4 protein chains.
Amino acid sequence: MAGAARRVGAETSATRGLILEATEQQILEEGYGAVSTRKVAARAGLKPSLVHYYFPTTDDLLLAVSRRGADESDRMIEEALASDDPLRALWGFFVDTSRTAMALEFMALANHREALRSHMARHCEAMRAREVRILRKLIGDRLDRPDAPAPEALSVVLAGIGRAIVMEENLGVTAGHEEAIAFVEQWLDRLVPSGNDLAEPEAASVR
Amino acid sequence: MAGAARRVGAETSATRGLILEATEQQILEEGYGAVSTRKVAARAGLKPSLVHYYFPTTDDLLLAVSRRGADESDRMIEEALASDDPLRALWGFFVDTSRTAMALEFMALANHREALRSHMARHCEAMRAREVRILRKLIGDRLDRPDAPAPEALSVVLAGIGRAIVMEENLGVTAGHEEAIAFVEQWLDRLVPSGNDLAEPEAASVR
Amino acid sequence: MAGAARRVGAETSATRGLILEATEQQILEEGYGAVSTRKVAARAGLKPSLVHYYFPTTDDLLLAVSRRGADESDRMIEEALASDDPLRALWGFFVDTSRTAMALEFMALANHREALRSHMARHCEAMRAREVRILRKLIGDRLDRPDAPAPEALSVVLAGIGRAIVMEENLGVTAGHEEAIAFVEQWLDRLVPSGNDLAEPEAASVR
Amino acid sequence: MAGAARRVGAETSATRGLILEATEQQILEEGYGAVSTRKVAARAGLKPSLVHYYFPTTDDLLLAVSRRGADESDRMIEEALASDDPLRALWGFFVDTSRTAMALEFMALANHREALRSHMARHCEAMRAREVRILRKLIGDRLDRPDAPAPEALSVVLAGIGRAIVMEENLGVTAGHEEAIAFVEQWLDRLVPSGNDLAEPEAASVR
DNA sequence: AATGAATGAGATTTCATTCAT
DNA sequence: CATGAATGAAATCTCATTCAT
């Protein structure tokens, strides 16, 4: 469903899945620059030729992985936005480490591969639009408060702060993170008090 | 000033500078994965061997470029913090695009090169500490206001939002950016009213 | 028969044989230090990449050559031990120059390549065990003579003297060789008189 | 005294000695094929250019190391032949491990470097002549015994057996060594009974 | 006596891709 | 579906050597 018909290798093949899995691992462990048919094949326990059979070029492979990651993100966000407390669930998603390293790699890669760039841009815009729709329902009636953010701003701000914290933690930096998280949570509380103020405290703290 | 004596190639050599310059260009145009002795040498108009003479391994080269970038960032931040309106100057720095693509590449790369990771982590912590010192002076007396952020939080929050906006713009995404920037600037105004409220409007708008 | 299935390049491939042949020549003519994919490929009239296809690393190549040499030695020793006069045939094998230069190269190389070292050690022990089994049958009943060597000693002593003579001749040294050969042959005659005392005189003289 | 006047680098320089020392280490650890100006310099803590200053070509360097090794061997043999029991001292020298790995490397190398080959051949012949001279004095009067070896044969035989044992032990092989050593020592005892039969038992057993 | 800069050659290895089966 | 063989390109790194100082 994600992509149009591809030349070879059925979309549903188990082997195809194996290859994508191996590629993700490879990216996470050695970076996008280290993705090669050989290494992916070795990791998946397959012959290099077979990888080529499913993904004629390396770009095809990277694009497929990116799509799969986007689908996964979509599912997670969908879940967050459908929860009882979408605001805090969204924030929890942004400070979740599980997909950050991968997103970072693709972000860097996107600068140099047009196909990837445009796909990621579309996905990012779509995600934002969905978030805004939900957030507007949630805080729409508080828009008259002078310090309330527009839903668009809220989406950008939460994503930015969350991702920055996760990226820095990946790097080994922790200075200021506790304070930033406390500040954001206080701010969200003033903005939309949650019925259960202490709900899911672990979801909102990184790691 | 950046480092002690290096094994080969004087720190001040013109050739060395040429190589670093070419490597930066290469990273920006084709990504960290495309940095190779050949390509860098071709770009700099030098023989590949000479690149190896100055930077025995590709890691040495990337580390040197990273150091140079860090020094450049330091200079820019220093300037921002020394200005009349450090808060807005800092924000201006964070939404400045000039160094973001590069930073992104190195962030991704750092996940796979320990030497780079630890160097970037140290630099990041040092930068934060410096920012906090200045911000504390600036908004220290407002800490009793219930909604005032700790200086540490302020540093993290501004950096995160600013960088997210720049990264997304690199990708071609603009949704919500205007609103986010407006929100941050309003917030900063409430926090530390600048004598001239509309000062430097172009510094705060991306590109 | 030598090994189980190898990763690439069928054990029986003609190309594979060509490469091994060329490598042996290269070692004999320029030494183990001069074995490189390029030179071997040039000698075999193949592309360097193809050599790598069959032997991913130079170590794989050297190990394969060593195995082949060991097989060849096995065949020669087997033949000697199965002859009418195993003792003299064995001595003839030890003073045969054809495999010594090669053995010397691999002996030196083994000090620096663990895989090679252990393979050669195993092969050497197996060869000795086989020789001892045959020699025990041959001279077992003379063990009561006070000056008779144990079969193990006989194997070591003949190999040592024979190889030393061949190595020195390779170097261009001849002093004492005639006397040493005469002495050994006299000694063997006293130990196990051959029906035809002057049998195969050319087998026992070097070259 | 060992060589004629060299173009550069005084024969007596301490730096020169350092370089030779480092080269020996390098050969022992990584083999003759791994000797390069760079590695030797690194090992000696010197600049590569300085190695070149003393030894214009790598061959010059290897030849100098070989000469030094030959001088060292000479000294050890001289000492053995001058001892109370030259026969057993000589045997002790041949089963001494300390110089064998090195000798093996140079033996292999000599096959491919004419200068080295002829130098080693000359040295080997000279050594044999000296040994023969001493041995003739020692066992000359037993030459009428039917089983007594010519002094030349004795020199070749002891060297061959001793070196074979040491080389095999380097390889990790031990089968038959004990028996061979016992046999040789018994044989020597019958040939030239030592006044003190248990003299230096440790000198005659390997390791 | 010693050193830094530079360079051309080449060794080792990896890679994407093609082709035939 | 899947694989083995083959190849040209290139990346990384090492090297001996030269030259000027």
Side-chain angles (χ1 to χ4, degrees), chain A residues 8-10 13-16 33-42 46-61, chain B residues 5-10 12-16 33-42 46-61, chain C residues 5-10 13-16 33-42 46-61, chain D residues 8-10 13-16 19 33-42 46-61:
Chain A
V8 287
S13 152
T15 306
R16 211 185 119 93
V35 170
S36 77
T37 2
R38 291 188 168 199
K39 284 186 185 165
V40 168
L46 303 169
K47 311 290 162 99
S49 318
L50 193 51
V51 176
H52 256 290
Y53 178 68
Y54 280 92
F55 303 95
T57 75
T58 308
D59 268 27
D60 292 332
L61 178 55
Chain B
R6 299 185 67 75
R7 230 178 338 162
V8 288
T12 57
S13 150
T15 308
R16 211 185 120 94
V35 170
S36 77
T37 345
R38 278 194 185 192
K39 288 186 184 165
V40 167
L46 303 170
K47 314 286 166 111
S49 323
L50 194 52
V51 176
H52 270 292
Y53 175 69
Y54 281 91
F55 303 96
T57 74
T58 307
D59 269 27
D60 292 331
L61 177 55
Chain C
R6 300 185 66 75
R7 230 178 337 162
V8 288
S13 152
T15 307
R16 211 184 121 94
V35 170
S36 79
T37 346
R38 278 193 182 192
K39 287 185 184 167
V40 167
L46 302 169
K47 314 285 166 111
S49 322
L50 194 52
V51 175
H52 268 292
Y53 175 68
Y54 281 91
F55 304 96
T57 73
T58 307
D59 269 28
D60 292 332
L61 177 55
Chain D
V8 287
S13 151
T15 307
R16 210 184 121 94
I19 295 173
V35 170
S36 77
T37 2
R38 289 188 169 200
K39 286 186 185 164
V40 167
L46 303 170
K47 312 289 163 98
S49 318
L50 193 50
V51 176
H52 257 290
Y53 178 67
Y54 280 92
F55 303 95
T57 75
T58 307
D59 269 28
D60 292 332
L61 177 55

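A, B, ... follow the sequence lines: proteins, then strands. Residue 1 opens every chain. Computed from a prediction, not measured in an experiment: that's the story for all the values here.
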Could you pull out the protein-nucleic contacts involving nucleotides 17-21 of chain E (nitrogen or oxygen on both sides, under 3.5 Å)?
residue : atom : partner : partner atom : Å
E/dT17  : OP2  : A/Pro56 : O            : 3.4

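Within 4.0 Å of B/Val35, counting heavy atoms only, lie sugar-phosphate atoms of the nucleic acid but no base atom. Residue D/Val51 is out of contact with every strand shown, counting any heavy-atom pair closer than 4.0 Å.
Of the inter-residue distances, the one linking D/His52 atom NE2 with D/Leu50 atom CG reads 11.0 Å to the nearest 0.5 angstrom. Rounding to the nearest 0.5 angstrom, the gap separating the OH atom in D/Tyr53 from the CG atom in D/Leu46 is 13.5 Å. How far CZ of D/Phe55 is from CD1 of D/Ile19: 5.5 Å, rounded to the nearest 0.5 Å. Atoms CZ and CG, on A/Arg16 and A/Leu61 in that order, are 9.0 Å from each other to the nearest 0.5 Å.
The CG-C1' distance, from D/Leu61 to F/dA16, rounds to 12 Å in whole Å. Nucleotide E/dC15 holds its P atom 18 Å from the CG atom of C/Leu50, rounded to whole Å. Rounded to whole Å, the distance from CG on C/Asp59 to C1' on E/dA11 is 14 Å.
Distance from the side chain of A/Ser36 is smallest to E/dA16 among E/dG4, F/dG8, E/dA16. Side-chain proximity of A/Arg38 to F/dA6, E/dT14, E/dA6: nearest is E/dT14.
The heavy-atom pair separating D/Lys47 from D/Ala41 by the smallest distance is C-CB, 3.8 Å. Nearest approach of C/Lys39 to C/Ala34, heavy atoms of both residues: CD-O, 3.4 Å.
For D/Tyr54, a side-chain nitrogen or oxygen approaches OP1 or OP2 of E/dA2 to under 4.0 Å. C/Tyr53 has no side-chain polar atom (N or O) that falls below the 4.0 Å cut-off from OP1 or OP2 of E/dT13. Side-chain nitrogen and oxygen atoms of C/Lys39 include none within less than 4.0 Å of the OP1 or OP2 phosphate oxygen of E/dG10. OP1 or OP2 of E/dG8 sits under 4.0 Å from a side-chain N or O of B/Lys47.
In DNA chain E, runs of at least 3 consecutive Watson-Crick or G-U pairs, each pair with both distances below 3.5 Å, span E:2-21 with F:2-21.
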